[in-house]
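Below is one structure, written out as structure tokens, with a few remarks after it.
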Amino acid sequence: MSTTPDSPATPYQRIGEGAVIDAITDRFYDLMDSDPAYARLRAMHAPDLTYMRRSLAGFLAGWSGGPRDWWVANPGKCMMSAHRDFSIDGEVAAQWADAMKRAIADVAPADGEIADALGDVLARMANGMVNA
Ligand code: HEM
């Protein structure tokens with residue numbers, strides 16, 4: 001990671017770049033797939049999570065300041081609008097946020113401050129998707 005006072009590290013760099021984002025995303029879907037606490041959230045997703053593992057990791061990479069391939073592949077796509085057609089209540093949003101916070105804690109990025117901030121802001125994003 002090369003940064004100067006004029007170019008502070010992006011969240012993407014601080015979290016540990018693509019390898020750590022991929023590990024968090026994989027852990028998130030592993031938890032969703034295996035822990036009955038997330039059964040309702042799991043049931044909303046397709047049986048095969050391969051596409052989601054790639055898409056969420058790509059989204060998180062670009063959103064945190066890294067490679068923007070996901071946006072190139074999904075021009076104009078808004079993550080909030082993309083969830084409008086799903087019925088999302090507070091319980092299922094809390095399942096998403098809890099699984100994500102656990103995934104981040106399990107991967108344990110070296111920079112704990114950015115790891116906590118990431119978990120908090122993603123939980124707020126999930127809460128903002130509640131529409132039912
Ligand atoms: C609030 C709770 C949430 C629920 C219930 C939810 C549910 C879903 C569902 C059912 C899908 C489609 C899955 C499939 O086709 O198998 C999806 C797609 C997706 N979700 Fe969520 N989601 C939530 C929060 C979030 C958040 C907070 C983010 C981003 C930080 C996110 C990122 C994505 C991405 C990247 C996709 C794939 C979009 C695409 O490539 O077309 N989701 N979500």
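Remember, it's 1-based here, ligands and their atoms both numbered in the order they're listed.
- Among protein heavy atoms, the minimum distance from atom 20 (N) of ligand 1 is reached at His83 NE2, 2.8 Å.
- Of the protein's non-hydrogen atoms, Ser55 OG, 3.5 Å is the one closest to atom 37 (C) of ligand 1.
- The backbone N or O of Gly119 lies less than 3.5 Å from no partner atom in the side chain of Arg124, so there is not a single donor-acceptor pair.
- The protein heavy atom nearest to atom 13 (C) of ligand 1 is His45 CD2, 3.5 Å.
- Nearest protein heavy-atom neighbour of atom 5 (C) of ligand 1: Leu41 CD1, 3.5 Å.
- Asn74 places a side-chain N or O within 3.5 Å of a backbone atom of Trp70 that can act as its donor or acceptor partner.
- Using a 4.0 Å threshold on non-hydrogen atoms, atom 40 (O) of ligand 1 counts as touching the protein.
- Taking every heavy atom of Met44 and a limit of under 4.0 angstrom, the matching atoms of ligand 1 come to 5 (C), 10 (C).
- Using a 4.0 Å cut-off between charged side-chain N and carboxylate O, Arg53 and Asp30 make a salt bridge.
- Within the 4.5 Å cutoff, the side chain of Gln95 has no heavy atoms near those of the Met32 side chain.
- Heavy-atom contacts of Leu122 reach the following atoms of ligand 1: 30 (C) (cutoff under 4.0 Å).
- For atom 28 (C) of ligand 1, the nearest non-hydrogen atom of the protein is Trp96 CZ2, 3.5 Å.
- The contact set between ligand 1 and Ala126, taken as ligand atoms under 4.0 Å from a residue heavy atom, comprises 1 (C), 27 (C).
- From the protein, the heavy atom lying nearest to atom 32 (C) of ligand 1 is Met79 SD, 3.5 Å.
- For ligand 1 and Ala46, the ligand atoms under 4.0 Å from any heavy atom of the residue are 14 (C), 16 (O).
- Side-chain contact between Leu122 and Trp63: present, with at least one pair of heavy atoms (C-beta onward) separated by less than 4.5 Å.
- Using a 4.0 Å heavy-atom cutoff, Lys77 is listed among the residues neighbouring ligand 1.
- Each of Thr10, Val20, Ile104 was compared with Ile15 under the side-chain contact (heavy atoms from CB on, under 4.5 Å) criterion, and only Val20 meets it.
- Asn131 places a side-chain N or O within 3.5 Å of a backbone atom of Ile88 that can act as its donor or acceptor partner.
- The side-chain heavy atoms of Met100 and Leu118, taken from C-beta on, include no pair separated by under 4.5 Å.
- Residue Tyr51 places a heavy atom under 4.0 Å from ligand 1.
- The protein non-hydrogen atom at the shortest distance from atom 29 (C) of ligand 1 is Phe59 CE2, 3.7 Å.
- Of the protein's non-hydrogen atoms, Met52 CE, 3.3 Å is the one closest to atom 19 (C) of ligand 1.
- Looking only at distances, no side-chain donor or acceptor of Tyr12 sits under 3.5 Å from a matching main-chain atom of Leu60.
- Taken to the nearest 0.5 Å, the NE2 atom of His45 stands 5.0 Å off from the OH atom of Tyr29.
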